[in-house]
Asks: 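Below you'll find the structure I mean.
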Amino acid sequence: MSASVGVVIPTRGDRPEQLRAAAQAVLTQDYPGRISLVIVVDGGDPIAVAEQVADVVTPGAVTNARHRVLVLPNALSAGLPGARNTGISACDTDLIAFCDDDDVWLPGKLAAQHQAIEDGAEFVSCGIEVEYGVRRVPRLAGSDTVTAADLVRSRMVMVHSSTFLFKRGALWVDESAPAGQNEDWDLALRAAKRHPIANVDRPLVRIRWGNSHYVACWADRIAGLEWMLARHPELAVDPRGAARVYGQLAFHHAALGRRREAGRWALRTFAERIAEPRAPIALAVAAGLISAPAVLALLHDRGHGI
């Protein structure tokens with residue numbers, strides 16, 4: 001018998017079309033086990049959100065014993081981590097999966113990852129397809145496993161929260177993440193420290209960039225990186241990983257117009273790795289040669305982030 005899966009979708013209720021698409025993609029997975037879909041409303045109206053998804057929760061899905069659909073308010077700390085943990089708490093399933101309300105699982109995602117669980121994995125990710133405008137760019141890890149060292153050296157964008165499938169009870173999201181920043185990176189890194197993450201290295205989730213609530217929250221992103229450095233000191237030990245984080249800090253400070261701080265972090269970046277491209281990009285933003293949103297738009301169009 002296939003393991004039961006609880007799928008947690010946090011939402012604010014402010015993008016109903018994307019939420020409906022995310023919910024429908026979960027409910028139409030070709031998977032023989034029971035699927036419990038838990039939509040957690042963070043700061044919005046659960047009744048209104050239930051109405052938003054009523055047209056995709058078909059009568060067959062409601063009456064089928066393999067499906068259970070709940071729409072709940074966030075009962076824990078406000079924000080994404082609390083919403084995810086609220087969803088986990090509401091599940092009685094063998095496994096937990098996440099999907100953001102603006103992302104879409106592709107056909108075969110759940111079945112392929114469940115096979116990795118059957119083969120002994122505790123935590124599974126998969127490749128993604130980044131959608132930005134009219135472009136779709138696949139991002140793969142190039143490996144069937146992801147280690148803690150991999151996640152220290154590179155954030156590995158394909159190890160995305162919407163790809164996560166893991167055994168219920170093994171891990172919880174850390175609600176101390178500032179404004180929810182980097183809670184998924186932290187979770188994946190903690191999982192990889194327990195056991196290497198199994199990775200189905202083909203694009204099985206479509207990640208829709210450009211709709212994120214977090215992408216231009218520069219101060220929050222700074223706080224999130226500082227939180228990661230404090231929680232995972234090894235991030236400052238690997239020169240390539242440290243340079244990447246320091247370069248991001250330089251860029252975010254530059255986006256806020258903090259030229260002195262941007263320069264300081266850029267110097268630290270160069271000291272770790274002279275070839276790290278984020279430092280000169282940050283300096284260009286600090287000098288007013290290009291805007292931070294313009295940089296992100298160029299990178300997102302190629303399926304990359306800062």
Side-chain angles (χ1 to χ4, degrees), residues 128 130 132 137 139-143 146-161 174 176-190 192-193 207 209-210 212 214-306:
I128 64 174
V130 175
Y132 183 74
V137 180
R139 295 294 306 276
L140 305 179
S143 173
V146 175
T147 67
D150 294 330
L151 288 165
V152 166
R153 190 173 306 112
S154 168
R155 168 60 185 85
M156 300 192 72
V157 68
M158 70 291 300
V159 184
H160 187 282
S161 57
D174 193 318
S176 70
Q181 291 284 337
N182 293 318
E183 47 81 28
D184 51 347
W185 184 17
D186 168 71
L187 185 66
L189 190 48
R190 284 189 285 122
K193 288 177 180 179
I207 307 299
W209 280 3
S212 173
Y214 302 98
V215 66
C217 297
W218 310 117
D220 290 341
R221 299 188 75 176
I222 291 168
L225 289 171
E226 291 175 342
W227 178 77
M228 284 296 292
L229 287 170
R231 281 179 59 78
H232 303 281
E234 65 271 22
L235 291 172
V237 175
D238 183 283
R240 192 180 188 95
R244 181 180 56 80
V245 173
Y246 298 164
Q248 289 175 323
L249 285 165
F251 179 84
H252 301 330
H253 279 291
L256 286 171
R258 300 172 179 171
R259 298 178 66 180
R260 184 182 298 275
E261 287 297 297
R264 182 172 69 85
W265 282 108
L267 287 175
R268 291 191 65 177
T269 304
F270 287 132
E272 293 290 340
R273 180 172 178 255
I274 193 67
E276 171 55 54
R278 290 171 180 82
I281 292 172
L283 292 175
V285 171
L289 300 178
I290 189 171
S291 71
V295 170
L296 291 184
L298 288 169
L299 292 172
H300 289 174
D301 192 52
R302 292 159 176 79
H304 291 266
I306 194 63

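Predicted, not measured: the structure shown is a model, and the values here were computed from it.
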Asks: Can you tell me which residue pairs pass the salt bridge (Lys or Arg N to Asp or Glu O under 4.0 Å) test with a partner in residues 294-306, sequence neighbours excluded?
Replies: R135-D301
Asks: Can you tell me how far CD1 of I281 sits from CG of L298, rounded to the nearest 0.5 angstrom?
Replies: 9.5 Å
Asks: Quick one: list whatever passes side-chain contact (heavy atoms from CB on, under 4.5 Å) with A279, sequence neighbours left out.
Replies: A266, T269, F270
Asks: Quick one: side-chain contact (heavy atoms from CB on, under 4.5 Å) partners of V130, sequence neighbours excluded?
Replies: I128, R139, W209
Asks: List the steps, then state whether side chain to side chain contact (heavy atoms under 4.5 Å, CB included) holds for I306 with R221.
Replies: CA-CA 11 Å; I306 194 63; R221 299 188 75 176; 4.1 Å; yes
Asks: Under the side chain to side chain donor-acceptor pair (under 3.5 Å) test, which residues partner D184, sequence neighbours left out?
Replies: R155
Asks: Taking all atoms of both residues into account, what is the closest heavy-atom pair of A282 and A254, and its distance?
Replies: O-CB, 3.4 Å
Asks: Sequence neighbours left out, what passes side-chain contact (heavy atoms from CB on, under 4.5 Å) with L267? Give chain and number order.
Replies: none
Asks: The criterion is salt bridge (Lys or Arg N to Asp or Glu O under 4.0 Å); which residues satisfy it with R258, sequence neighbours excluded?
Replies: none
Asks: Can you name the residues that form a side-chain contact (heavy atoms from CB on, under 4.5 Å) with S154, not counting sequence neighbours?
Replies: M156
Asks: If I take atom CG from residue L187 and atom CG from residue N182, how far apart are they, to the nearest 0.5 angstrom?
Replies: 12.0 Å
Asks: Distance from L256 atom CG to I222 atom CD1, nearest 0.5 Å?
Replies: 5.0 Å
Asks: Check side chain to side chain donor-acceptor pair (under 3.5 Å) between E272 and all other residues, then give those that pass, not counting sequence neighbours.
Replies: none
Asks: Please round to the nearest 0.5 Å and tell me the distance separating atom CG of D220 and atom CH2 of W227.
Replies: 13.0 Å
Asks: Quick one: salt bridge (Lys or Arg N to Asp or Glu O under 4.0 Å) pairs with a partner in residues 229-249, sequence neighbours left out?
Replies: R153-D238, D174-R231, D186-R231, K193-E234
Asks: Before you tell me yes or no, could you show the steps for H304 and V137 under side chain to side chain contact (heavy atoms under 4.5 Å, CB included), namely the whole-Å CA-CA distance, both residues' side-chain angles and the distance that decides it to 0.1 Å?
Replies: CA-CA 9 Å; H304 291 266; V137 180; 5.9 Å; no
Asks: Give me the atom names and distance for the closest heavy-atom approach of A223 to P178.
Replies: O-CG, 3.7 Å
Asks: With rounding to the nearest 0.5 Å, note down the distance linking CE in M228 to CD in E183.
Replies: 10.5 Å
Asks: Which atom pair, heavy atoms only, marks the closest approach of A192 to A148?
Replies: CB-N, 3.5 Å
Asks: Keeping to residues at least two apart or across chains, list the side chain to side chain donor-acceptor pair (under 3.5 Å) pairs with something in residues 276-287.
Replies: R273-E276, E276-R278
Asks: With sequence neighbours left out, write down each residue that passes side chain to side chain donor-acceptor pair (under 3.5 Å) with W185, or none if nothing qualifies.
Replies: none
Asks: Please check if the distance between the ring centroids of W218 and F251 is under 6.0 Å.
Replies: yes
Asks: What's the spacing between L249 CG and R264 CZ if we round to 0.5 Å?
Replies: 9.0 Å
